[in-house]
Amino acid sequence: MLVNFSLSGKTITFARTVDIPRAAYNFRFFASSILHHTTECTQMDHMDCMHYTMRTPVGIAGLISPWNLPLYLLTWKIAPAIASGNTVIAKPSEMTSVTAWMMCKLLGKAGIPPGVVNIVFGTGPKAGEAIVSHPDVPLISFTGSTLTAQSIRERSAPHCKKLSLELGGKNPAIIFEDANLDQCIATTVRSSFANQGEICLCTSRIFVQRSIYNEFLKRFVEEARKWKVGSPSDPTASMGALISKEHLEKVKNYVKKAQAEGARILCGEGVDSLVLPTGNQNGYFMLPTVIAEVEDESCCMQEEIFGPVTCVVLFDTEEEVIKRANGVKYGLAATIWSSSVGRVHRVAKRLQAGLVWTNCWLVRELNLPFGGMKASGIGREGAKESYEFFTEVKTITIKH
């Protein structure tokens with residue numbers, strides 16, 4: 001199962017500690033949670049009637065998953081879909097198709113009947129569009145770019161399909177002056193550069209209160225420089241390669257744009273030397289890159305880069321930083337660092353984000369909803385939310 005993870009560029013350590021364990025847990029979790037849902041029942045005694053609800057599978061679920069977490073995110077869709085009684089037609093990214101193929105072999109060994117999980121390989125414009133446009137596929141669950149999601153909505157609209165769209169993010173970390181900097185810096189480096197920054201939940205905008213800005217910036221850059229970029233098969237590597245040459249060039253171009261706008265590149269691309277093993281020197285590698293003195297209107301602060309690049313800016317007041325953190329079209333996730341419980345609750349309530357972590361990052365409880373606001377998506381997934389999405393509800397009335 002590790003073969004295709006290396007082809008995607010992610011480190012073998014990340015595959016072993018994140019992708020594979022979470023994929024297995026997805027199946028275990030939804031196999032259990034499906035047993036604990038209840039339905040509603042009411043009575044109208046004056047009319048001798050009883051009403052109750054029933055949930056039934058939608059039938060065929062169309063699932064489209066991305067390349068960055070190819071097993072983690074594909075099983076996050078397959079598990080609740082089949083647990084709810086559906087069959088699925090899934091299209092993995094053409095960049096990481098071997099992972100899905102190997103997963104199917106394992107599903108066969110596990111006893112999943114033929115025809116329950118069906119994988120279609122191909123590109124989005126061909127295989128993906130065929131699933132989205134087909135009248136017999138009443139539901140689409142998609143994780144990927146906002147641009148592709150717009151196309152999915154257009155293609156599926158004539159059929160009034162149910163949609164769950166988990167899209168991009170431009171996630172802020174807000175670091176107040178009373179934060180525990182030891183914990184904050186270590187975690188924020190990880191949230192910025194884990195999996196080469198190719199996670200929709202990664203931090204790409206870091207707002208630091210003025211009184212601790214200089215100290216934070218110095219220590220953050222020092223920690224970022226400690227991250228080892230190397231062969232994905234090297235268990236000591238912190239980061240592997242980006243997914244493709246085209247994506248690497250796209251990410252590097254954002255850094256060039258920031259420089260042209262007058263921002264400072266404190267470490268990484270164009271500043272530090274990238275030293276790679278001989279066999280990896282033609283790969284799509286990039287150092288963790290930290291940008292400072294960048295304006296909120298900059299493309300690096302507004303657009304999803306999806307690579308190992310993060311921007312650090314200062315702020316003065318709570319009111320100011322909330323407004324600036326919300327000043328993008330995305331609303332997927334955010335992190336808050338503060339020792340004040342009251343401040344944490346106030347700020348979390350006002351942030352336009354579907355997930356808000358405080359003094360931590362990427363701690364997931366699968367019982368609770370996952371999804372974003374604004375251009376970061378439509379719908380939520382989780383124990384209850386996925387069950388409701390992958391089923392149809394009907395109300396039944398019985399007169400006695």
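Side-chain atoms of K77 and T143 include a donor-acceptor pair closer than 3.5 Å. With 3.5 Å as the limit, one finds a donor-acceptor pair spanning the side chains of T148 and S145. Between T397 and H51, the side chains place a donor N or O and an acceptor N or O closer than 3.5 Å (distance only, hydrogens not considered). In this structure, a donor-acceptor pair under 3.5 Å is absent between the side chains of T11 and T13.
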Please test S338 against D178 for side chain to side chain donor-acceptor pair (under 3.5 Å), starting from the C-alpha separation and ending with a verdict.
CA-CA 5 Å; S338 173; D178 60 347; 3.0 Å; yes
Using the salt bridge (charged side-chain N to carboxylate O under 4.0 Å, His left out) rule, take E320 and R324 through it: C-alpha gap first, then chi angles, then the decisive distance, then the call.
CA-CA 6 Å; E320 169 205 344; R324 292 171 65 190; 2.7 Å; yes
Going through the checks in order, is the salt bridge (charged side-chain N to carboxylate O under 4.0 Å, His left out) test met by K384 and E388?
CA-CA 6 Å; K384 178 175 177 286; E388 292 178 350; 3.0 Å; yes
Run the salt bridge (charged side-chain N to carboxylate O under 4.0 Å, His left out) check on K228 and D234 step by step: do they pass?
CA-CA 10 Å; K228 178 182 177 181; D234 178 358; 2.8 Å; yes
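Between L274 and M286, every side-chain heavy-atom pair lies at or beyond the 4.5 Å cut-off. Using a 4.5 Å heavy-atom cutoff, the side chains of E381 and P369 are not in contact. Counting heavy atoms from C-beta outward, T289 and C267 have side chains that stay 4.5 Å or more apart. Residues C299 and E261 form a side-chain contact, since some pair of their non-hydrogen atoms from C-beta on lies under 4.5 Å apart. Inter-residue side-chain proximity for E304 and S204 is flagged as unmet; no heavy-atom pair is nearer than 4.5 Å. At least one side-chain heavy atom of P66 sits under 4.5 Å from a side-chain heavy atom of L73. At least one side-chain heavy atom of L332 sits under 4.5 Å from a side-chain heavy atom of L201. Counting heavy atoms from C-beta outward, L63 and I78 have side chains that approach closer than 4.5 Å.
Remark: aromatic rings of F176 and F315 are close, center separation under 6.0 Å. Between W67 and F306, the gap from one ring centroid to the other is short of 6.0 Å.
Classification of R219 and E215 as a salt-bridged pair holds, one side-chain N sitting under 4.0 Å from a carboxylate O. At a threshold of 4.0 Å, the pair R55-E392 does not count as salt-bridged, since none of the basic side-chain nitrogens sits closer than that to a carboxylate oxygen. In summary, E223 and K226 engage in a salt bridge, as defined by a charged side-chain N under 4.0 Å from a carboxylate O. Under a 4.0 Å N-O distance rule, the pair E222/K218 qualifies as a salt bridge. Using a cutoff of 4.0 Å between basic side-chain nitrogens and carboxylate oxygens, K170 and E303 are not scored as salt-bridged.
Taking the centre and axis of the six-membered ring of W76, the NZ or CZ atom of R364 falls inside the cone set by 45° and 6.0 Å.
The minimum heavy-atom distance between M239 and P308, with the atom names listed, is CE-CB, 3.7 Å.
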